[in-house]
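This report refers to the structure that appears directly beneath it.
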Amino acid sequence: MTRIPVEADWDNAPGVLEGARELELTPAMCDLPYWLEHVAGSMLRRLSDGSVSAAAPTQAVLRPGPLREALIEEFTFRTLAEEKATRALSFLVHHAPDRDCLEFYATQLVDEARHARAFRDHLLEAGVSEEEVQAAVARTVASSGAAVLDPLEEFGLGVLRDRQDFYGGVLVLTVLVEGILAPAAELSERKWKVFDPRAALVERGANMDEIRHLAVGSAVVRQHLTERPEARAGLLDLVREGRRLWEELPMAQVLHRRESLFQEGLAEHGHLLGDYEIWPGRRLVDTGVEERMEAAECWSRETQDARLKYMLLQDAL
């Protein structure tokens, strides 16, 4: 029997924070045969045959209220973000410099499209009607999508489509998109584990993919700079430009509204959580909006710093 790589093993895969900071993978290690065998053939098959499953959402999520609204806002945002990532990845596939990169980014494109569908499908599973989902997505497009995702997309497409810069595009996706959003996804997985175990499972599956994406993207940039150190100055400028953009975006307000809705739900349904800890020594029911946001910000900063050092871009810190 073929050994399942730890990052594709539901039972043993590291959390997104540990994996994104420490795991080392390359495009050659995660090529098309790898994806077909270990992602489609093992990881996803265990979802489809029911050997990996989770309980249905609790009534706290199924009934109208702040928890349900928090879930709808979060998962429509994630759906839109994953759709934009899917479209952007087509340029990485097109400009891939070799077969290993072409195959890896083709699989990542499929991963992101799967994630978009999974987040949307879970809302339907949670009893949100098709019409409600469409309306929620439209609200997201006009609000947090326009304020946060559209500027990020414009910045990324300027690198990928307009400059046709493959390595710059990998860097943008690795540092400014997944390196920032992955820690927030880790928080989401932990938050929903009791209230909506299936939502947490959706996040867990997406996070397992993102660990792989972060690790390979970092390896691509590291190898490029090892072979062409003269490219380092341009990539450093790109990181700094992207980080300046990120600081101008109202993501904190988006997260604050989402966490405020979740907090209202905690006040109403916190008794369902018991002593469940969101991180060691801290019960979820005892946390507040700012504390959870600060944790996600800290995780994001630590993840980005670790990846930038690995990519030989520590001067951007």
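Hydrogens, waters and symmetry mates play no part in the numbers below; they use all other heavy atoms, side chains included.
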Let me see the working for Val220 and Phe104 under side chain to side chain contact (heavy atoms under 4.5 Å, CB included), right down to the final yes or no.
-> CA-CA 11 Å; Val220 168; Phe104 172 75; 6.0 Å; no
Thr174/Leu214 under side chain to side chain contact (heavy atoms under 4.5 Å, CB included): CA gap, chis, key distance, verdict | CA-CA 6 Å; Thr174 303; Leu214 278 166; 4.0 Å; yes
Might you work through the side chain to side chain contact (heavy atoms under 4.5 Å, CB included) test for Leu44 and Val39, ending with a clear yes or no?
-> CA-CA 6 Å; Leu44 296 180; Val39 181; 4.3 Å; yes
Start with the C-alpha distance between His213 and Glu210, add both sets of side-chain angles, then the distance that settles side-chain hydrogen bond (donor to acceptor under 3.5 Å, both in side chains), and finish with yes or no.
-> CA-CA 5 Å; His213 301 163; Glu210 303 303 358; 3.0 Å; yes
Assess whether side chain to side chain contact (heavy atoms under 4.5 Å, CB included) is satisfied between Ile211 and Asn207, documenting all intermediate values.
-> CA-CA 6 Å; Ile211 290 170; Asn207 288 343; 5.5 Å; no
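The main-chain N or O of Arg212 is never found under 3.5 Å from a side-chain atom of Glu7 such that the two would form a donor-acceptor pair. Between the side chain of Arg68 and the backbone N or O of Arg63 there is no donor-acceptor pair closer than 3.5 Å. Here the side chain of Arg283 pairs no donor or acceptor atom with the backbone of Asp275 at under 3.5 angstrom. Not a single donor-acceptor pair under 3.5 Å links the side chain of Gln314 to the backbone N or O of Asp305. Without hydrogens or angle criteria, Thr140 side chain to Ala136 main chain gives a donor-acceptor distance under 3.5 Å. Formation of a donor-acceptor pair under 3.5 Å by the Arg257 side chain with backbone atoms of Glu73 is not found in this model. Side chain of Tyr105 to main chain of His94: no donor-acceptor pair is present (N/O by atom type, distance under 3.5 Å, no hydrogens or angles). Looking at Glu277, its side chain does come within 3.5 Å of a backbone N or O of Gly281 through a donor-acceptor pair.
Using cut-offs of 30° and 60° for the angle between ring planes, the His224 and Tyr167 rings count as parallel.
Within the 4.5 Å cutoff, the side chain of Phe195 has heavy atoms near those of the Leu273 side chain. Looking at Leu171 and Leu313, their side chains come closer than 4.5 Å, going by heavy atoms from C-beta outward. Looking at heavy atoms from C-beta onward, Tyr276 lies in side-chain contact with Arg190 at the 4.5 angstrom threshold. In this structure, Thr107 and Tyr34 have side chains that are not in contact, with every pair of non-hydrogen atoms separated by 4.5 Å or more. Using a 4.5 Å heavy-atom cutoff, the side chains of Trp192 and Phe262 are in contact. Residues Leu47 and Trp10 have side chains in contact (heavy-atom distance under 4.5 Å, counting atoms from C-beta outward). Using a 4.5 Å heavy-atom cutoff, the side chains of Glu268 and Leu67 are not in contact. Between Leu92 and Leu173, some side-chain heavy-atom pair lies under the 4.5 Å cut-off.
Nearest heavy atom pair, residue Leu266 against residue Leu284, reads CD1-O, 3.7 Å. Between Ala185 and Glu203, the shortest heavy-atom contact is CB-OE1, 3.7 Å. Here the shortest heavy-atom pairing between Asp150 and Ala146 reads OD2-CA, 3.4 Å. A pairwise comparison of heavy atoms in Ala70 and Leu261 identifies CB-CB, 3.8 Å as the closest pair. In plain terms, the two heavy atoms of Pro57 and Asp196 that are nearest each other are CG-OD1, 3.3 Å. Taking both residues in full, the closest heavy atoms of Ala28 and Asp100 are given as CB-OD2, 3.5 Å, listed atom of the first, atom of the second, then distance.
Going from atom CG of Leu36 over to atom OG of Ser42 covers 12.5 Å, rounded to the nearest 0.5 Å. Atom CG of Leu89 and atom CG of Asp111 lie 9.0 Å apart (nearest 0.5 Å). Within the model, atoms CG of Leu102 and NE2 of His95 stand 12.0 Å from one another, a figure rounded to the nearest 0.5 Å. Going from atom CZ of Arg120 over to atom CG of Leu80 covers 12.5 Å, rounded to the nearest 0.5 Å. Between atom CD of residue Glu259 and atom CZ of residue Arg292 there is a gap of 4.5 Å, rounded to the nearest 0.5 Å. Taking CG of Leu249 as the start and CG of Leu149 as the end, the distance is 9.0 Å to the nearest 0.5 Å.
The environment of CZ in Arg46 is crowded: more than 12 heavy-atom neighbours from other residues, nucleotides or ligands sit within 6.0 Å. The environment of CD in Gln134 is crowded: more than 12 heavy-atom neighbours from other residues, nucleotides or ligands sit within 6.0 Å. More than 12 heavy atoms of other residues, nucleotides or ligands sit less than 6.0 Å from atom CZ of Arg240. Within 6.0 Å of atom CZ in Arg117, 12 or fewer heavy atoms from other residues, nucleotides or ligands are found, so the atom counts as exposed in its surroundings.
One hydrophobic cluster holds both Phe119 and Leu124 under the rule that ILVMFWY side chains link at heavy-atom gaps under 4.5 Å. Under a hydrophobic-cluster definition in which Ile, Leu, Val, Met, Phe, Trp and Tyr are linked whenever side-chain heavy atoms come within less than 4.5 Å, directly or via other members, Val175 and Phe91 are assigned to the same cluster. Cluster membership check: Ile72 shares its hydrophobic cluster with Val202, using side-chain heavy-atom separations under 4.5 Å among Ile, Leu, Val, Met, Phe, Trp and Tyr. Both Met251 and Phe155 are assigned to one and the same hydrophobic cluster, defined by single-linkage of ILVMFWY side chains at heavy-atom distances under 4.5 Å. Residues Trp299 and Val289 share a single hydrophobic cluster, defined by chaining ILVMFWY side chains whose heavy atoms lie under 4.5 Å apart.
A side-chain donor-acceptor contact under 3.5 Å links Arg307 and Ser218. Counted by atom type alone, Glu112 and His115 present one or more donor-acceptor pairs between their side chains at under 3.5 Å.
Salt bridge Glu24/Arg222: absent, no basic N to carboxylate O contact under 4.0 Å. Salt bridge status for Glu82 with Arg78: present, with a side-chain N to carboxylate O gap under 4.0 Å. Salt bridge absent: Glu189 and Lys193 never bring a charged side-chain N and a carboxylate O closer than 4.0 Å. The residues Arg87 and Glu83 are annotated as not salt-bridged, no charged nitrogen and carboxylate oxygen being separated by less than 4.0 angstrom.
Gln223 is linked by a side chain to side chain donor-acceptor pair (under 3.5 Å) to Glu227, counting only residues two or more places apart in sequence or in another chain. In this structure Ser48 satisfies the side chain to side chain donor-acceptor pair (under 3.5 Å) test with no other residue, sequence neighbours excluded.
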